[in-house]
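Comments concern the structure below.
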2 protein chains.
Amino acid sequence: MKEDNEKYEQLDEETLFIVSQTFKALSDPTRIRILHLLGEKECNVSEIADELSLMQSTVSHQLRFLKNLRLVKFRRAGTTLYYSIDDEHVMTLLNQSIHHARHD
Amino acid sequence: MKEDNEKYEQLDEETLFIVSQTFKALSDPTRIRILHLLGEKECNVSEIADELSLMQSTVSHQLRFLKNLRLVKFRRAGTTLYYSIDDEHVMTLLNQSIHHARHD
DNA sequence: TCAGTATATGAATATATGCTCATATATGTT
DNA sequence: AACATATATGAGCATATATTCATATACTGA
């Protein structure tokens with residue numbers, strides 16, 4: 001008489017939401033490029049746009065996205081805003097994935 | 001005389017593609033639930049649908065997606081297909097994120 | 001206060017995504 | 001072969017997403 005009494009424990013709604021949101025942030029090439037650049041050095045908006053050949057507007061929109069998820073933060077210096085990484089854990093996920101993609 | 005001569009090394013196209021695809025797979029709640037369930041135990045399609053209260057068609061479509069990315073594999077037993085995890089690295093990313101979401 | 005520079009934002013658009021329905025395919029049984 | 005069961009697939013639809021353009025806002029210095 002054999003039976004699997006182990007009941008599968010579903011992920012709760014909140015965890016599911018947070019996890020999916022986190023990965024969604026990392027699922028777009030433009031956001032990945034921005035995060036990867038900020039992982040190297042703090043940058044202002046125009047520097048990001050120049051370095052990655054993106055429109056200023058595009059960068060700004062994506063930074064808002066990343067800022068809402070608290071993945072990046074910024075400091076102001078006059079009219080210039082310097083952005084940097086604000087979530088090391090997510091950067092760890094990103095770097096692991098990059099490493100894996102390259103060596104696999 | 002100070003100058004930053006460090007040139008930023010962009011991510012190459014292929015890495016960018018693989019990384020974004022990987023995270024895209026993990027960015028949808030339904031796929032996360034399926035992967036998490038398969039992380040617990042091998043399941044056939046109907047079991048997944050039942051356990052997660054999803055339509056058979058929905059499960060099948062998502063399994064195709066995950067299979068294309070080689071995140072899951074299956075074995076056949078008659079008309080029944082048993083699916084299981086095929087990429088432990090991606091499961092590691094998922095589990096880390098779940099852990100982080102819960103304890104943070 | 002006015003001009004100049006840096007950044008943010010809203011609207012419009014094109015594309016991608018996920019779900020559902022209906023149906024097809026595949027395998028096993030009689 | 002006919003039928004039943006398990007799974008896969010295509011089309012249609014609704015929603016989400018990313019980008020661009022035009023414009024607004026914020027700060028600085030003359």
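The sequence lines fix the lettering, A, B, ..., with proteins before strands; numbering per chain opens at 1. Computed from heavy atoms alone, side chains included, the values below leave out hydrogens, waters and symmetry copies.
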Spacing of OG1 belonging to T58(A) relative to CD belonging to Q56(A), to within rounding of 0.5 Å: 8.5 Å

Within 45° cone and under 6.0 Å: R31(B) NZ/CZ vs F65(B) ring: yes

Nucleotide dT5(D), atom C1' - distance to CG of D50(B) in whole Å: 14 Å

Strand contacts (DNA chain D) in residues 15-35 of chain B, 4.0 angstrom heavy-atom criterion: none

Side chain proximity check, D28(B) to Q62(B), heavy atoms < 4.5 angstrom: yes

Residue pair N95(A) / H99(A), side-chain heavy-atom distance below 4.5 Å: no

F23(A) and F23(B) aromatic centres sub-6.0 Å: yes

Nearest-angstrom distance from the residue atom CD1 of I48(B) to P of dA6(D): 14 Å

Contact under 4.0 Å: R64(A) side-chain N or O vs dG10(C) OP1/OP2: yes

Interface residues of residues 53-63 of chain A with DNA chain C (non-hydrogen, below 4.0 angstrom): Q56(A), S57(A), S60(A), H61(A)

Gap between atoms CZ and C1', on F65(B) and dG10(D) respectively (whole Å): 18 Å

Pairwise side-chain contact, T80(B) with N44(B), heavy-atom cut-off 4.5 Å (strictly under): yes

Rounded distance (Å) that lies between atom C1' of dA8(C) and atom CG of N44(A): 14 Å

Donor-acceptor pair between T15(B) and D12(B) side chains, under 3.5 angstrom: yes

Gap between atoms CG and C1', on N68(A) and dT17(D) respectively (whole Å): 15 Å

Validation row: S20(A), P29(B) side chains within 4.5 angstrom (heavy atoms): yes

Ring centres under 6.0 angstrom apart (Y83(B), F74(B)): yes

Selection: residues 77-85 of chain B, any non-hydrogen atom under 4.0 Å of DNA chain D: T79(B), T80(B), L81(B), Y83(B)

Reported CD-to-NE2 distance for the pair Q10(A) and H36(B), which is rounded to 0.5 angstrom: 9.5 Å

F17(B) CZ: over 12 foreign heavy atoms closer than 6.0 Å: no

